[in-house]
Structures are given as C-alpha cells and as structure tokens.
Amino acid sequence: MSEQSATPATTSATPRAVKAVIPAAGLATRFLPATKAVPKELLPVVDRPVLQYIVEEASHAGVTDVLLITGRGKTSMVDHFDRRPDLEARLEEKGDAERLAAVRRPSELAEIYTCRQPEQLGLGHAIGYAESHVGDAAFAVLLGDEFVNLAEPLLPAMMELQARTGGIVLAFFEVPPSDTKRYGIASVEPAESEYADIAEVVKVTGLVEKPKPEDAPSNLAVLGRYVLPAGIFDAIRRTEPGSGGEIQLTDAMDLMRREGTPVHAIVYRGTRYDTGQPLGYLQTVVQLASERDDLGGEFRKWLTDFVNAGFPGGSST
Ligand code: G1P
C-alpha cells in the first residue's frame with residue numbers, strides 16, 4: 001500500500017473492499033489504427049500508460065489485489081506490471097536510479113491477476129468473470145479508460161461509504177444534456193444525514209444506461225468507479241441485454257436497487273480524466289504534461305507560444 005494513501009479513518013463495522021476489478025477487454029475502435037496491436041490501456045499519458053494511472057489510483061485507496069479482465073491481443077497489459085530483470089540490470093549497471101525506480105514502480109503497486117473475457121458482450125458481462133476471484137466480499141471496479149486526480153481522491157470515500165451502507169456505491173459527475181447518451185444517468189434524492197461526514201452523498205432512486213437527453217432523469221452521469229457487493233454477480237446473471245445489445249452493469253445495479261439493495265453515490269467535483277476517446281485523451285496528455293515538474297515548465301511555455309501564434313500549421317476551421 002502506498003505511503004501517500006488518502007484513506008480516511010474507518011468508522012464502519014464491515015470490512016472495506018481491498019480487491020479491485022479493471023475491465024480492459026474492449027476493442028477500442030475509437031483509436032484505430034493505433035489500437036490494432038497496442039491495447040488502448042497502454043497508450044501513454046506523457047511517459048506512463050493510462051492503465052498505470054488507474055492501478056495507482058486503486059493502490060492509493062488501499063487496494064492490494066487487482067484483477068484485470070483482458071481479451072485477445074491484450075497480454076502486454078500484464079507485462080507492464082511484471083518485473084523486467086534484463087532492463088533493470090542494464091539500468092542498474094548504468095547507475096540510472098531514476099529510470100530503474102520508474103521501471104519497477106508498476107510491479108510494486110498491487111498484486112495483479114488476470115482473467116479473460118472470451119467475447120465482449122458488455123460491461124456487466126465482463127464484471128461477471130470476476131466472480132470466482134472476488135468471492136463474497138465487496139469489491140471496487142475501475143474502468144480502464146478514465147481516472148481522477150490523485151490529489152482529489154474518490155475511491156477511499158466510496159469504500160468507506162460502502163462499508164457503512166453494505167449496498168452499491170457509485171460516483172457521479174455532472175454532464176451537459178447533450179452528453180447523457182454517453183453515460184449511465186441517475187435519478188436521486190437526498191441521502192440519509194448519517195453519511196454527510198464522508199462526502200457529498202446522494203441516494204439513487206433510478207439508473208438508466210445512455211438515455212437520450214429528453215429521457216434523461218438528471219444530468220448526473222455514472223463515473224467509472226464502483227464499489228459493489230458480491231450480490232452483483234447473481235444480478236448480472238439475471239440481466240438481459242440492454243443498451244447497444246450488451247449486458248449492462250447499470251441494468252444489473254438497477255435490478256438490485258429495485259429488489260431492495262441501497263444505492264448511494266458520491267458527487268465528484270474533482271478532475272476526471274477521460275482517455276476513452278481521442279479528444280479527452282489529448283486533453284489529458286496536455287493537462288498532465290503541463291503539471292509535470294520535469295518538463296511542465298518548458299511544455300507550458302511552448303504551448304502558450306503556440307496558442308498565441310494562432311496555432312501555426314493548423315487549419316482555422
Ligand atoms: C460505461 C458505463 C456507463 C458509465 C461510463 C463511464 O460506459 O456503461 O454507465 O457512465 O462507462 O465512463 P462506456 O464508456 O463503457 O460506454
């Protein structure tokens with residue numbers, strides 16, 4: 001576990017989730033041809049792959065065990081979290097301590113396990129493959145193409161809330177009406193006051209996957225972080241294909257809610273990086289490069305000059 005963990009003191013009776021599942025079997029058609037041979041989760045944000053940011057987020061929240069749900073052609077994701085003795089020996093010989101630490105870092109974050117989703121039949125279907133690894137305890141889910149600013153952590157508060165409610169815990173962020181068709185969208189009411197010490201918590205009264213703006217019950221979108229009780233696996237088995245013909249996690253969670261499982265969410269107002277589509281990916285790279293101690297100063301200067309010069313080389317449309 002990281003020494004920088006922002007985990008709050010636990011006041012709950014039930015244990016907190018310590019396992020996390022990262023579904024990362026998708027085909028990433030939005031990034032073709034880059035993702036023809038390279039998993040989108042390994043696309044670099046400055047000098048670390050997206051997936052490392054996600055595993056770092058889990059590790060900072062106290063997660064010690066990460067299950068990656070992978071698919072065909074994606075085994076290099078697992079290699080990233082393995083040791084690399086030949087490379088490490090070379091860096092050691094050269095006395096390059098900084099790069100050596102960077103190369104070892106991914107293998108120190110958590111125990112990484114994998115399983116395969118043989119066919120991509122939806123997010124709910126993917127999570128269903130985690131059942132035997134997860135067992136009976138609550139667990140966290142982190143989607144493989146988005147992460148939050150580690151200085152504004154989300155997962156520790158979600159895990160604390162789940163340990164207290166025993167139900168489903170989600171995180172929401174606000175989206176413009178035109179974007180509701182990209183996300184799970186919730187209807188909510190005020191949460192019980194006993195959870196007010198944790199964060200801005202709401203109680204969920206309905207969930208719908210990717211509604212059109214006119215059908216959306218609110219502008220609160222499901223962020224790619226979940227803390228789920230093990231009962232989700234049975235609910236997934238009983239969930240029919242929904243939006244896009246896929247077995248949706250949103251639908252399985254809403255089934256549990258209708259059957260009496262409490263569903264709460266934290267409204268997240270920190271920075272969310274969405275690397276799942278090219279524009280969000282570029283914005284993430286620029287933001288995180290600007291903040292880097294090593295190259296941020298020079299990059300910001302170049303970027304400012306580039307913008308002030310009216311984007312030379314680009315079209316004005
Ligand atoms: C998935 C979920 C959706 C959620 C979104 C967050 O959609 O199904 O409910 O709002 O992640 O990024 P996907 O991005 O896989 O289409």
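Numbers for residues simply follow the sequence, beginning at 1. Just follow the structure's listing: the first ligand is 1, and inside any ligand the first atom is 1.
If you look at Phe311 and Phe306, their ring centroids are closer than 6.0 Å. The distance between the ring centers of Phe173 and Tyr183 falls below 6.0 angstrom. Phe139 has its ring centre less than 6.0 Å from the ring centre of Phe233.
Close approach of ligand 1 to Leu143 (heavy-atom distance below 4.0 Å) involves ligand atoms 1 (C), 11 (O). For ligand 1, the atoms sitting less than 4.0 Å from at least one non-hydrogen atom of Glu146 are 6 (C), 12 (O), numbered in the order shown with element in parentheses. Counting atoms of ligand 1 from 1 in the listed order, those under 4.0 Å from a heavy atom of Gln248 are 8 (O). Within the listing of ligand 1, atoms 12 (O) sit less than 4.0 angstrom from a heavy atom of Arg272. The Thr250 neighbourhood of ligand 1 comprises atoms 9 (O), with distances under 4.0 Å to a heavy atom of that residue.
Under 3.5 Å, the side chains of His264 and Glu192 contain a donor-acceptor pair of N or O atoms. Between Gln52 and Glu56, the side chains place a donor N or O and an acceptor N or O closer than 3.5 Å (distance only, hydrogens not considered). Looking at Ser243 and Glu209, their side chains never bring a donor and an acceptor atom within 3.5 Å of each other.
Shortest contact from atom 2 (C) of ligand 1 to any protein heavy atom: Glu209 OE2, 3.6 Å.
Using the six-membered ring where Trp is involved, Tyr113 and His133 have ring planes that are tilted, between 30° and 60° apart.
For ligand 1, none of its N or O atoms has an N or O atom of Tyr183 under 3.5 Å away. Distances between N or O atoms of Gly224 and those of ligand 1 include no value under 3.5 Å.
Considering only non-hydrogen atoms, atom 7 (O) of ligand 1 lies nearest to Lys210 out of Arg182, Lys210, Met253. Across Ile185, Thr180, Val222, heavy-atom proximity to atom 4 (C) of ligand 1 is greatest for Val222.
Separating the CZ atom in Arg105 from the CZ atom in Arg48 is a distance of 8.0 Å, to the nearest 0.5 Å.
For atom 15 (O) of ligand 1, the protein comes within 4.0 Å by no heavy atom at all.
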